[in-house]
Amino acid sequence: MENSGLCRAHTNIALIKYWGKRDENLFLPMNSSLSLTLDAFYTDTKVTLEPTAEADTFYLNGVLQGEKETQKIANFIDLFRHEANNNSRVKVESYNHVPTAAGLASSASAFAALSGACRDAFNLELSTEVLSTFARRGSGSATRSLYGGFVEWNKGIDHDSLSSHAIPIDAADWDVAMLVIAVNTGEKKLSSRVGMKQTVETSAFYPAWVESAEKDLIAIKDAIQAQDFIRVGEITEANGMKMHGTMLGAIPPISYWEPESVKAFQKIQEIRAQGIPCYVTMDAGPNVKVLCQGSNIEKIKKILLKDFKPDQLITSGVGSGIQSLKLSDWTY
Ligand code: DP6
């Protein structure tokens, strides 16, 4: 019998950003963060135990990956081998339905799906909350992709207490959606890992960022509970801009913006001035994500089509948490 695990995980976009680690080996963040899981972008991953193999193999979108990429996930899979007390090597097959490295958080869905597939392949009984502490050690933002809707990643106390994990906050089933304006889907120049480290170490604004992110988190949780979309949007936009401001304070300064990102931001401000609630957030890349209401998304898209091409505008609803797939669902 084949010992395999198959899992789908959706990506998430942070509304309150994670930007900085207090422990780089354990991926403990400086501040707690909060995200929205999206249904339009996801990763499907299959992990098969290969007890007689000498090394792990990793296929991404059907292409065998080189040593560097394979080593990165092999180290991560060691966490599961250790937990299961099973030293078997594995074959990983992963399909990314996310434009890779374009600031669309492909590492979030990738490590979340890999976590779920490893759990099932190694037959581990782990709650979703505990599994999120494993995903965290692949990529911080992956912690939040274990759940659907609005998700908080509690910064926690330390690793051993398993307190730095994700928790679902709200199903986001009340007219919430996201529109992505793809400005540049090429590989990003500076990874978030390097960018955040540089910011923590050199930006004079960093302590203020951490303080204000904690306040934003409390405020957005209240707004979510009250289903106050405008308030959620205002806090989201302000928090994202503060993160980018903190980066500009780094030495040397960091900016992920491109001219089209600025144009997109201005267009969203104009649309908002016409009375349609919509708010910008951006991550470690030039693409612009617009938090809006599903009931307005087509209207917003139509206005943006005057300035952007149809394939630059990707709409998404709210995504669900990780799901184990059956072999019969594996259509690749
Ligand atoms: C700007 O999770 O990619 O998207 O933990 O080093 O893998 P590592 O970083 P990553 O950083 C995400 C940064 C962000 C904000 C966020 O998703 O919270």
Side-chain angles (χ1 to χ4, degrees), residues 10-19 33-41 97-109 141 144 172 176-192 195-196 216 220 229-230 232-248 253-274 276-294 296-319:
H10 293 90
T11 196
N12 71 80
I13 300 297
L15 309 185
I16 304 300
K17 307 293 186 187
Y18 145 59
W19 194 252
S33 54
L34 185 142
S35 59
L36 180 67
T37 302
L38 302 185
D39 65 358
F41 311 103
H97 297 263
V98 185
T100 303
L104 292 179
S106 60
S107 67
S109 56
S141 52
R144 300 182 306 243
V176 178
M178 200 165 259
L179 189 155
V180 177
I181 307 176
V183 164
N184 184 344
T185 50
E187 194 91 11
K188 60 188 168 198
K189 290 179 196 81
L190 187 69
S191 72
S192 32
M196 65 174 76
D216 287 346
I220 206 168
F229 180 80
I230 291 178
V232 171
E234 286 171 349
I235 299 165
T236 296
E237 192 171 276
N239 182 270
M241 293 305 137
K242 281 185 272 188
M243 177 185 75
H244 287 276
T246 313
M247 290 183 208
L248 279 177
I254 299 167
S255 168
Y256 290 102
W257 292 68
E258 292 187 11
E260 280 227 304
S261 320
V262 178
K263 184 172 98 177
F265 187 26
Q266 286 170 344
K267 289 291 155 197
I268 293 306
Q269 285 174 319
E270 280 170 31
I271 295 172
R272 196 156 72 216
Q274 291 168 29
I276 304 172
C278 50
Y279 302 87
V280 163
T281 191
M282 276 172 65
D283 295 295
N287 299 316
V288 172
K289 291 107 187 192
V290 182
L291 183 69
C292 60
Q293 290 161 308
N296 281 329
I297 203 162
E298 287 308 320
K299 217 185 299 172
I300 297 169
K301 193 174 166 181
K302 208 171 143 201
I303 302 171
L304 289 171
L305 274 171
K306 288 184 208 141
D307 293 280
F308 298 94
K309 296 188 210 81
D311 62 357
Q312 285 185 279
L313 306 176
I314 311 157
T315 56
S316 180
V318 176

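Just the heavy atoms: all of them, side chains too, but no hydrogens, waters or symmetry mates, feed the values below. A quick note: this is a predicted structure, and the numbers were derived from the prediction, not measured.
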Working note: I297 + V290, criterion side-chain contact (heavy atoms from CB on, under 4.5 Å); need CA distance, chi angles, decisive distance, verdict.
CA-CA 10 Å; I297 203 162; V290 182; over 6 Å; no

Could you report the tightest heavy-atom contact between I254 and G195, atom names first, then the distance?
CD1-O, 3.4 Å

Going from CD1 on I300 to CD on Q274, what distance comes out if it is rounded to the nearest 0.5 angstrom?
10.0 Å

Backbone of I276 reached by a side-chain donor or acceptor of K299 within 3.5 Å:
no

Taking all heavy atoms of A172 and all of V318, pick out the closest pair and write down the distance.
O-CG2, 3.5 Å

Within this structure, what is the CD1-CG distance for the pair I16 and L34, rounded to the nearest 0.5 Å?
6.5 Å

side-chain contact (heavy atoms from CB on, under 4.5 Å) between I181 and K267, worked out
CA-CA 11 Å; I181 307 176; K267 289 291 155 197; over 6 Å; no

What's the separation between atom SG in C278 and atom CZ in R272, rounded to the nearest 0.5 Å?
6.5 Å

Rounded distance (nearest 0.5 Å) linking atom CD1 of I303 with atom CG of N296:
9.0 Å

Between D39 and S316, is there a side-chain donor-acceptor contact under 3.5 Å, judged purely by atom types and distance?
yes

Are the side chain of T281 and the backbone N or O of G240 linked by a donor-acceptor pair below 3.5 Å?
no

Shortest non-hydrogen contact between R144 and S33, atoms and distance:
NH1-OG, 2.8 Å

I want to check something: taking the side chain as every heavy atom from C-beta on, are Q293 and P277 in contact at a cut-off of under 4.5 Å?
yes

Carefully, step by step, assess L304 and Q312 under the rule side-chain contact (heavy atoms from CB on, under 4.5 Å).
CA-CA 10 Å; L304 289 171; Q312 285 185 279; over 6 Å; no

Please determine whether side-chain contact (heavy atoms from CB on, under 4.5 Å) holds for the pair V183 and W257, giving the CA-CA distance in whole Å, both sets of side-chain angles, and the decisive distance to 0.1 Å.
CA-CA 10 Å; V183 164; W257 292 68; over 6 Å; no

Please round to the nearest 0.5 Å and tell me the distance separating atom NZ of K263 and atom CD of E258.
12.5 Å

Closest approach of M243 to M282 (non-hydrogen atoms, all atoms of both residues):
CE-O, 3.5 Å

Can you check whether S35 reaches S141 side chain to side chain, under 4.5 Å on heavy atoms?
no

Whether the side chain of Y256 engages the backbone of L190 through a donor-acceptor N/O pair (distance < 3.5 Å, no angle test) should be reported.
yes

To the nearest 0.5 Å, tell me how far I271 CD1 sits from Q266 CD.
12.0 Å

Pick from L179, D283, L36: which one makes a side chain to side chain contact (heavy atoms under 4.5 Å, CB included) with K289?
D283

Does any part of the side chain of I220, heavy atoms only, come nearer than 4.5 Å to the side chain of D216, both counted from C-beta?
no

Main-chain N/O of N184 paired with N287 side-chain donor or acceptor, under 3.5 Å
yes

Looking at every non-hydrogen atom in both residues, tell me the closest pair between F265 and V280 and how far apart they are.
CD1-CG2, 3.5 Å

Between L248 and P253, the two heavy atoms sitting closest are O-CB, 3.4 Å

